[in-house]
Amino acid sequence: MRHPRPDLAPDAGLSRAEMEALQREIADAAVFEDDFAFDPATLSNPLATTASAGDPPVVVGVDQSFLTNEDGDQDRALSAVVATRGGEVIERVHAVTPLEIPYVPGLLSFREGAPILAALDELSVEPDLLLFDGSGRIHFRQAGIATHMGVVRDVPSIGVAKSLLCGTPREDTDDLLEGTRVAIESNSRVDAPDGTLLGYAVQTRQYDSPNRYINPLYVSPGHRVGPETAADVVLALASSYKLPEPVRLADQYADEAKRNLTE
DNA sequence: GCGACAG
DNA sequence: ATCTTGTCGC
């Protein structure tokens, strides 16, 4: 049974201190371990559905683009949501809401949360897993955008960031082999005991031979997913590109929907 | 005071 | 995030 927490929804009108206090509440409500019904094994192999527990889970990717004003100012955020199941796109929806506050590292969900929740409301299918472009537990107060949205909806979620917000890799993350991961642990900048496992640097793609390297993704639990599983899921969903497919598709769709409103 | 800082 | 074609390398 789900227990959504609309009371913890992002409010761009809060003061910075209030936002940070809300994030601590969110981190308290968040579950950073596996707590979902679907079988992760059905993610990578669409043909394994017959042998496993029914249909593959509905995995939803979320990403944003921004719309500009007549004066050239970014005044609206567009959130694109792409629902997939067994590798197939089953639904795409998007929503546009006014942009209330500027980008502040650590407070991303208060800037982009409204359009995301609005877009998720448009979805007719029930998501089993949400994938976000940004951090989950790898966050100053362990409440990145993936955690915030996951807790508000009480849907399992994972944060997929292209750069590291905070925390420290336990080993060098340069030139990792494809399919490998390096733990990211908390440091003094994180509101958690030093050494806490926050997530993983995950190398979904890598060049074979030359002197060229691809940066890893920084994957962390949003809600109801453990760090190990979060990394497993991202690796399973990143087939031919660096980003897991649902997020890559949402990325594309965010630009496509933007063009349709701009051109 | 200085540095760090998802999208 | 966003402004943006070609281009270097496998």
Side-chain angles (χ1 to χ4, degrees), chain A residues 10 12 16 19-20 23 26-27 61-69 71-81 94 96-116 119 130-150 157-169 173 175 178 184 186-191 198-202 205-223 230 234 240 242-244 247-248 250-259 261-263:
Chain A
R16 178 163 183 155
M19 290 179 181
E20 295 181 354
Q23 289 182 326
I26 290 160
V62 183
D63 191 27
Q64 284 69 243
S65 61
F66 298 88
L67 302 177
T68 299
N69 204 354
D71 309 317
D73 307 321
Q74 290 187 337
D75 65 332
R76 291 155 292 163
L78 185 160
S79 184
V81 166
H94 70 273
V96 177
T97 67
L99 217 39
E100 320 254 34
I101 58 177
Y103 166 70
V104 175
L107 300 178
L108 185 66
S109 63
F110 290 88
R111 173 175 164 86
E112 306 184 357
I116 292 173
L130 265 23
L131 259 45
F132 292 90
D133 60 314
S135 286
R137 195 181 187 183
I138 296 179
H139 179 274
F140 308 121
R141 291 163 293 280
Q142 304 184 80
I145 193 161
T147 302
H148 198 160
M149 300 296 100
S157 64
I158 295 172
V160 181
K162 294 180 288 297
S163 60
L164 190 58
L165 175 62
C166 56
T168 310
T173 58
D175 194 20
E178 187 168 306
I184 304 296
S186 60
N187 54 21
S188 59
R189 300 168 61 196
V190 180
D191 202 337
L198 300 177
Y200 285 96
V202 178
R205 302 286 295 167
Q206 187 56 282
Y207 293 123
D208 307 303
S209 46
N211 311 336
R212 201 168 181 182
Y213 310 114
I214 297 178
N215 296 128
L217 292 174
Y218 298 92
V219 179
S220 57
H223 180 48
V234 168
S240 19
K242 170 175 173 172
L243 288 173
V247 174
R248 190 182 69 82
D251 203 84
Q252 268 185 185
Y253 183 41
D255 286 331
E256 178 187 328
K258 175 181 179 175
R259 282 176 14 229
L261 296 177
T262 303
E263 296 174 354

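Just so it is clear: chains get the letters A, B, ... in the order the sequence lines come, proteins before strands, and each one is counted from 1.
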Check whether the side chains of A:N187 and A:T168 place a donor and an acceptor atom closer than 3.5 Å, and report yes or no. yes
How about A:Q64 and A:S79: does a side-chain donor come under 3.5 Å of a side-chain acceptor? yes
Between A:V234 and the options A:L217, A:L243, A:V247, the side-chain contact (heavy atoms from CB on, under 4.5 Å) test singles out A:L217
The correct set of residues in residues 98-110 of chain A placing a heavy atom under 4.0 Å from DNA chain B is A:Y103, A:P105, A:G106, A:L107, A:L108
In whole angstroms, the gap separating P of B:dA6 from CD1 of A:I158 amounts to 21 Å
With respect to A:I138, which candidate in A:T147, A:V190, A:I184 satisfies the side-chain contact (heavy atoms from CB on, under 4.5 Å) definition? A:I184
Test ring pair (Phe, Tyr, Trp, His ring centres under 6.0 Å) applied to A:Y253 - qualifying residues, sequence neighbours left out: A:H94
Hey, is the main chain of A:G136 close enough, under 3.5 Å, to the side chain of A:S220 for a donor-acceptor pair? yes
From CD1 of A:I116 over to P of B:dG7, roughly how many Å is that when rounded to an integer? 13 Å
So that I can compare with my own list, what are the stems of DNA chain B, taken as at least three consecutive Watson-Crick or G-U pairs with distances under 3.5 Å? none
Can a donor-acceptor pair be found, under 3.5 Å and without considering hydrogens, that links the side chain of A:S157 to the backbone of A:L130? no
For DNA chain C, which consecutive runs of 3 or more Watson-Crick or G-U pairs (each distance under 3.5 Å) count as stems? none
Within the 4.0 Å heavy-atom criterion, would you say A:I138 contacts the bases, only the backbone, or no part of the nucleic acid? nothing
Within a strict 4.5 Å, meaning less than it, do heavy atoms of the A:D133 and A:R248 side chains meet? no
Short side-chain N/O contact to B:dA6 OP1/OP2 from A:K162, under 4.0 Å: no
What does A:S163 touch in the nucleic acid at a heavy-atom separation under 4.0 angstrom: a base, only the sugar-phosphate, or nothing? sugar-phosphate
Which value, rounded to the nearest 0.5 Å, describes the distance between A:Q74 atom CD and A:L99 atom CG? 6.5 Å
Looking at OH of A:Y200 and OG1 of A:T173, how far apart are the two atoms once the value is rounded to the nearest 0.5 Å? 14.5 Å
Under the rule for ring pair (Phe, Tyr, Trp, His ring centres under 6.0 Å), what residues qualify as partners of A:Y218, not counting sequence neighbours? none
Go through the steps to decide whether A:R189 and A:F140 satisfy the test side-chain contact (heavy atoms from CB on, under 4.5 Å), and finish with yes or no. CA-CA 6 Å; A:R189 300 168 61 196; A:F140 308 121; 3.6 Å; yes
For nucleotides 2-7 of chain C, read 5' to 3', which letter fits each nucleotide if B means a protein heavy atom sits under 4.0 Å from the base, S means only the sugar-phosphate is that close, and - means neither? S-----
Between P of B:dA6 and CG of A:D63, the distance in whole Å: 15 Å
How about A:Q23 and A:L107: do any of their side-chain heavy atoms sit closer than 4.5 Å? yes
Specify the separation, in whole Å, of atom CD1 of A:I145 and atom C1' of B:dA6. 9 Å
